[in-house]
Amino acid sequence: MPELPEVETIVRALREGGRGGEALPGHRIEAVDVSWARSVAEPSVEGFTRQVVGQRIEAVTRRGKFVVLHLDRQALLIHLRMSGDLRVESTGEQTQPHDRIRFFLSGGLSLVFNDPRKFGRVWLVDDWQNTLAGLGPEPLDEAFTVGELAQRLRVTRRMIKPLLLDQTFLAGLGNIYTDEALHLARIHPLAPAWKLSTEQVARLWGAIRSVLMEGIRRNGASIDWVYRGGEFQHHFLVYQRAGMPCQGCGSPIQRIVVGQRGTYFCPVCQPPWEG
DNA sequence: CACGAGACCTGTTCGC
DNA sequence: TGCGAACAGGTCTCGT
């Protein structure tokens, strides 16, 4: 899936125009066509269609990996999960394979939700903040300090990698950026979160932020046919580099499975924890 | 509470 | 060439 940097890249394009599409704010939703019903999480497809039509898109923001379309009366939350994507095109452009929802907008525009694997979901809600209240902090917010990270790490008994993937712990990290951040911080993915030293926590805080900012700067990673345009994939230090030499020490990058996710790390630069 | 397995899905790549 | 297995950016639910 798109992680925070990919979602941020998409959100900026929807907000300001770009990636081949026009900016959304100011346009009104005139009709909707849902071709895969389960892409709509809430409410029912009927209710969704009835309520969303007629609303105007006021703003586009991001919270964690959610795209938030602020409408005049409600909010449209979109989670792209593994393979979802959003594109803006002129209505009349040819339908693409795996198009799941098309929003017909004023001015002859369409917003299309495309999702080959059908894991993505959209919600139409009255109070988006309430719906997303369970998410952890935004890693790039000023409010997310090294002190807050340290405090949250202290009160868990979990391994660090699955913890960082937990969106209620921190919002926005996924499999790629977690592995990259742990490598930069020189922390083993299986390390017990509560046993990290003060120095390790400080490095992790900096690594999470720098890896996310770098991802955004490079317009995200496009490692397959989705999320075209990003180029962060050319800068991975460990992700999908099993057997290739570590940039730091030259030893081969190792792949293990953690929480059913492929996990890449350097066994020398990210040694097993003490004790 | 923490963790693993299975489910939800389709497409691509890898190994024989 | 063909075919099945493994794998993929995520998250939810259930059982231990």
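Remember, it's a predicted structure, so these values are computed and weren't measured experimentally. Every chain is numbered from 1, with letters handed out A, B, ... down the list of sequences.
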- State which of C/dT11, B/dC3, C/dA8 makes the closest approach to the side chain of A/M159. B/dC3
- Residue that, paired with A/Q74, satisfies side chain to side chain contact (heavy atoms under 4.5 Å, CB included) out of A/L124, A/V125, A/L69, A/V52: A/L124
- Message: Distance check needed: B/dT10 C1' versus A/M82 CE, whole Å only.
- Response: 11 Å
- Report the distance from atom CG of A/L173 to atom P of C/dT11, rounded to the nearest whole Å. 10 Å
- Between C/dA8 and A/R255, is there an OP1 or OP2 to side-chain N/O distance shorter than 4.0 Å? yes
- Counting just side-chain N and O atoms, does A/Y177 come under 4.0 Å of either OP1 or OP2 of C/dG10? no
- Looking only at atom types and distance, does a side-chain atom of A/Q254 sit under 3.5 Å from a main-chain N or O of A/G243, one as donor and one as acceptor? no
- Send over the distance from A/Q240 CD to B/dC14 P, rounded to a whole Å. 11 Å
- What interatomic distance, in whole Å, is found between P of C/dT1 and the corresponding atom of B/dT10? 28 Å
- Message: Rounding to an integer number of Å, can you tell me how far A/L190 CG sits from B/dA2 P?
- Response: 16 Å
- Message: Assuming nearest nucleotide by heavy-atom distance, tell me which of A/T156 and A/Q260 is located more 5' along DNA chain B.
- Response: A/T156
- Whole-Å distance, A/Y239 OH to C/dG10 C1', equals 11 Å
- Item | Rounded P spacing from C/dA6 to B/dA5 in Å | 14 Å
- Query: Less than 4.0 Å between a side-chain N and a carboxylate O, is that true for A/R102 and A/E89?
  - Reply: yes
- Item | Neighbour count >12 (heavy atoms, 6.0 Å) for atom CD, A/Q151 | no
- Does A/Q167 have a side-chain nitrogen or oxygen under 4.0 Å from the phosphate oxygens OP1 or OP2 of C/dG10? no
- Nearest-Å distance for atom pair CZ/C1', residues A/R117 and C/dC12: 15 Å
- Message: Between B/dG6 and C/dA5, how many Å separate the two P atoms, rounded to a whole number?
- Response: 15 Å
- Residue whose nearest DNA chain C nucleotide is more 5′ - A/L165 or A/T263: A/T263
- For atom CZ of A/R261 and atom C1' of C/dC12, their distance in whole Å: 13 Å
- Query: Planes under 30° and centres closer than 5.5 Å, is that true for A/F119 with the base of B/dC8?
  - Reply: yes
- Task: Quick one: sort the A/F144 and A/W205 rings into parallel, tilted or perpendicular, breaks at 30° and 60°.
- Result: tilted
- Note on the structure: Given Watson-Crick and G-U pairs under 3.5 Å, DNA chain C in dot-bracket ([ ] crossing, | other strand) is .|||||||.|||||||
- Note on the structure: With the side chain defined as heavy atoms from C-beta on, A/R158 is closest, among B/dC3, C/dG10, C/dA8, to B/dC3
- A/R241 NZ/CZ over A/F236 ring centroid, <6.0 Å and within 45° of normal: no
- Message: Nearest heavy atom decides the nucleotide; on that basis, is A/G259 or A/R100 closer to the 5' end of DNA chain B?
- Response: A/G259
- Ignoring backbone atoms, test whether A/S83 places a side-chain nitrogen or oxygen under 4.0 Å from the OP1 or OP2 oxygen of B/dG11. no
- Message: If I take atom CZ in residue A/R154 and atom C1' in nucleotide B/dC1, what distance separates them, rounded to the nearest angstrom?
- Response: 19 Å
- Item | Check: A/Y177 ring centroid to A/F232 ring centroid under 6.0 Å | yes
- Message: Any side-chain N or O of A/K118 below 4.0 angstrom from OP1/OP2 of B/dC8?
- Response: no
- Message: Please determine whether a side-chain nitrogen of the Lys or Arg among A/R261 and A/D179 lies less than 4.0 Å from a carboxylate oxygen of the Asp or Glu.
- Response: no
- Message: Please determine whether a side-chain nitrogen of the Lys or Arg among A/E199 and A/R203 lies less than 4.0 Å from a carboxylate oxygen of the Asp or Glu.
- Response: no
- Query: Choosing from B/dC9, C/dA8, B/dA2, which nucleotide comes nearest the side chain of A/R38?
  - Reply: B/dC9
- Message: Does B/dG11 have OP1 or OP2 under 4.0 Å away from a side-chain N or O of A/H98?
- Response: yes
- Query: Under 4.0 angstrom, heavy atoms only, what part of the nucleic acid is A/F169 near: base, sugar-phosphate, or nothing?
  - Reply: nothing
